[in-house]
Amino acid sequence: YTYFYFVSGTGRVVSISDDEVSLAITPGSTNAEVTLLAGLIFGDAIRDGTGLLNASDYSNSQDFNDISAALDHLVETRVLPGLHEQAKIGAQISFAGCAEVDDEGNDLRPLKVIPIQTKAP
């Protein structure tokens with residue numbers, strides 16, 4: 001099964017790459033517990049993670065899939081530039097986003113989150 005979650009929290013940046021910003025969530029932790037995806041975004045995690053839309057509400061499945069593409073584009077153009085500016089080792093970042101889990105062994109450590117909002121607290 002694949003599960004979609006809407007999550008939020010605050011963490012300290014422990015590593016940065018072009019495609020990811022890794023956060024330690026637990027106070028005193030030095031390990032990445034959440035990774036904010038910061039590169040090209042693909043998939044249905046944002047659309048499905050909110051729990052607000054159902055495929056059965058759309059007579060054309062392409063329309064339903066186009067929603068994912070539009071949401072992914074909004075994250076890439078409106079959220080990720082700010083995340084890249086905020087992401088400095090040691091910085092605190094608050095986030096809200098969506099996660100897709102289909103392999104608990106690989107998807108939970110760290111939890112990979114597509115951010116839909118980030119800010120420095």
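These figures come from a predicted structure and were not determined experimentally.
Nearest heavy-atom pair, Pro115 versus Val79, reported as atom, atom and distance to 0.1 Å: O-CG1, 3.6 Å. Considering every non-hydrogen atom in both Ala45 and Cys98, the closest pair reads O-CB, 3.3 Å.
Going from atom CD of Glu104 over to atom OH of Tyr1 covers 13.0 Å, rounded to the nearest 0.5 Å. In this structure, CZ on Phe6 lies 13.5 Å from CG on Asp48, to the nearest 0.5 angstrom. Between the OG atom of Ser22 and the NZ atom of Lys112 there is a distance of 9.0 Å, given to the nearest 0.5 Å. The CG atom of Asp44 sits 7.0 Å away from atom CZ of Phe64, with the distance rounded to the nearest 0.5 Å. Atoms CD1 and CG, from Ile16 and Leu23 in turn, are 9.5 Å apart once rounded to the nearest 0.5 Å. Once rounded to the nearest 0.5 Å, the distance linking CG of Asp107 with CG of Asp102 reads 5.0 Å.
Among the candidates Ser17, Pro110, Ser15, the single residue satisfying the side chain to side chain contact (heavy atoms under 4.5 Å, CB included) test with Thr35 is Pro110.
Cluster membership for Tyr3 and Val7, using ILVMFWY side-chain heavy atoms within less than 4.5 angstrom, is shared. Taking hydrophobic clusters as Ile, Leu, Val, Met, Phe, Trp and Tyr residues chained together by side-chain heavy-atom distances below 4.5 Å, Val113 shares a cluster with Ile25. Placement of Phe42 and Leu80 in two distinct hydrophobic clusters is found when ILVMFWY residues are connected by side-chain heavy-atom separations under 4.5 Å, directly or transitively. Under the 4.5 Å side-chain heavy-atom criterion for ILVMFWY residues, a single connected hydrophobic cluster contains both Val101 and Ile116. By the rule that hydrophobic residues join a cluster once side-chain heavy atoms approach within less than 4.5 Å of another member, Leu108 and Phe95 end up as members of one cluster.
Heavy-atom contacts from other residues, nucleotides or ligands closer than 6.0 Å to CD of Gln62 number more than 12. Within 6.0 Å of CG in Asp18 there are 12 or fewer heavy atoms belonging to other residues, nucleotides or ligands.
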Can I get a per-line list of side-chain donor-acceptor pairs under 3.5 Å for residues 49-56, giving both atom names and the distance, sequence neighbours left out?
from, atom 1, to, atom 2, distance (Å)
Thr50, OG1, Arg47, O, 3.1
Thr50, OG1, Leu52, N, 3.3

Result block: side-chain N/O donor-acceptor pairs under 3.5 angstrom for residues 82-93, not counting sequence neighbours:
from, atom 1, to, atom 2, distance (Å)
His84, NE2, Ala38, O, 2.9
Gln86, OE1, Thr118, OG1, 3.2
Lys88, NZ, Glu85, O, 3.3

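At distances below 3.5 Å, at least one donor-acceptor pair connects side-chain atoms of Glu76 with backbone N or O atoms of Ile41.
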Side chain to side chain contact (heavy atoms under 4.5 Å, CB included) between Leu111 and Tyr5, intermediate numbers included: CA-CA 11 Å; Leu111 179 65; Tyr5 298 96; 5.8 Å; no

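Residues that satisfy the side chain to side chain donor-acceptor pair (under 3.5 Å) test with Thr10, not counting sequence neighbours, are Ser94.
Using a 4.5 Å cut-off on side-chain heavy atoms (C-beta onward), Asn31 and Val14 make no contact.
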